[in-house]
Colleague: 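Sharing a structure here in structure tokens format.
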Amino acid sequence: MNKRKGVVMLVVAAVIAVIPAVMHMSCLYFGPACYSYQMAPEVIVESAKAGTLLAPIGAFVVSALFLLMAAYALSAAQFIRKLPLLGLVIYFMSVACVIRGILGIQLWLRFPERLNEFGTVSNWLWLLAGILFFIGYRLVRSDDKTQT
């Protein structure tokens, strides 16, 4: 039963990671306004306006990292083969996501005018994803240990 809960948590975390990957890639289609809405650094927005390669390459790299996070979550859920350093990467992703979420939430609490609704929601989702990566992996792992 714990394993099933852990798998669900990891799949939800994977979905949370895939959504921003798609959103970042959508900037290639929607252009500078999309980069700006997603709070990209000004240099990226200017690159998109100028048509240089920095913005699209950056969007691709960031999207690839989010998809890699999803792949590790699916690996931990045992939907795909075990990826290298699975435990270490899952724990690192968990910590990074929780820190990202907490930093964004404290910014929202202190300076709400600096964040749009996209930024506010993404902070909460990254915090949730970090918690789901951690607890989901622990549940799957603990259930596997009890069955061996």
Side-chain angles (χ1 to χ4, degrees), residues 1-45 47-48 52-109 114-148:
M1 188 63 163
N2 280 343
K3 183 175 182 175
R4 176 185 279 162
K5 290 178 185 176
V7 167
V8 169
M9 289 179 177
L10 289 164
V11 169
V12 170
V15 170
I16 292 172
V18 167
I19 291 169
V22 171
M23 291 178 71
H24 279 74
M25 291 306 290
S26 74
C27 289
L28 300 176
Y29 178 77
F30 292 111
C34 185
Y35 286 101
S36 182
Y37 183 76
Q38 293 186 35
M39 299 183 310
E42 192 59 36
V43 66
I44 300 294
V45 176
S47 168
T52 63
L53 290 177
L54 180 61
I57 289 173
F60 179 78
V61 169
V62 170
S63 293
L65 289 173
F66 289 137
L67 292 175
L68 188 61
M69 290 174 71
Y72 268 90
L74 295 176
S75 178
Q78 301 172 348
F79 281 113
I80 61 174
R81 72 176 183 85
K82 186 177 179 187
L83 294 175
L85 304 172
L86 180 61
L88 179 66
V89 172
I90 288 287
Y91 289 135
F92 176 79
M93 290 180 348
S94 299
V95 169
C97 289
V98 167
I99 290 171
R100 160 65 169 87
I102 290 172
L103 288 176
I105 291 167
Q106 68 81 29
L107 178 66
W108 172 67
L109 291 171
R114 290 190 183 178
L115 291 177
N116 59 21
E117 55 281 343
F118 170 79
T120 303
V121 170
S122 68
N123 293 330
W124 287 102
L125 284 175
W126 282 120
L127 177 62
L128 175 63
I131 293 167
L132 292 174
F133 282 130
F134 181 80
I135 295 173
Y137 181 64
R138 297 288 297 201
L139 288 174
V140 168
R141 240 180 100 218
S142 69
D143 204 48
D144 284 346
K145 285 182 179 179
T146 60
Q147 291 179 359
T148 56

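Nothing fancy with the numbering, it's 1 onward along the sequence. Just the heavy atoms: all of them, side chains too, but no hydrogens, waters or symmetry mates, feed the values below.
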Colleague: What's the spacing between M93 CE and L68 CG if we round to 0.5 Å?
Modeller: 8.0 Å
Colleague: Would you mind reporting whether L54 and I44 have side-chain heavy atoms less than 4.5 Å apart?
Modeller: yes
Colleague: Would you find a donor on one side and an acceptor on the other, under 3.5 Å apart, between the side chain of Y72 and the backbone of P84?
Modeller: yes
Colleague: If you round to the nearest 0.5 Å, how far is CZ of R100 from CD1 of I105?
Modeller: 9.5 Å
Colleague: Working to the nearest 0.5 Å, report the span between CG of N2 and CZ of R4.
Modeller: 11.5 Å
Colleague: Check the pair V11, F79 against side chain to side chain contact (heavy atoms under 4.5 Å, CB included), reporting the backbone distance first and the verdict last.
Modeller: CA-CA 9 Å; V11 169; F79 281 113; 3.3 Å; yes
Colleague: Any idea which heavy atoms bring V18 and A70 closest together, and the distance?
Modeller: CG2-CB, 3.6 Å
Colleague: Considering only distance and modelled atom types, tabulate donor-acceptor pairs under 3.5 Å from the side chains of residues 125-140, sequence neighbours left out.
Modeller:
from : atom 1 : to  : atom 2 : distance (Å)
R138 : NH1    : Y91 : OH     : 3.3

Colleague: Taking side chain to side chain donor-acceptor pair (under 3.5 Å) as the definition, give me every residue that meets it alongside T120, ordered by chain and number, with sequence neighbours left out.
Modeller: none
Colleague: Below 3.5 Å, can you tabulate the donor-acceptor pairs from side chains in residues 19-35 to any protein atom, sequence neighbours excluded?
Modeller:
from : atom 1 : to  : atom 2 : distance (Å)
H24  : ND1    : P20 : O      : 2.7
S26  : OG     : M23 : O      : 2.5
Y35  : OH     : A55 : O      : 3.3

Colleague: Tell me the closest heavy-atom pair linking A40 and V45, and the distance in Å.
Modeller: O-CG2, 4.0 Å
Colleague: Distance check, rounded to the nearest 0.5 Å: S122 atom OG versus E117 atom CD?
Modeller: 10.5 Å
Colleague: Between S94 (side chain) and I90 (backbone), is there a donor-acceptor pair under 3.5 Å?
Modeller: yes
Colleague: Which distance, rounded to the nearest 0.5 Å, do you find between the CZ of R81 and the CG of L74?
Modeller: 13.5 Å
Colleague: With a sphere of 6.0 Å drawn around OH of Y37, does it hold more than 12 non-hydrogen atoms of other residues, nucleotides or ligands?
Modeller: yes
Colleague: Looking at every non-hydrogen atom in both residues, tell me the closest pair between S75 and K82 and how far apart they are.
Modeller: OG-CA, 3.3 Å
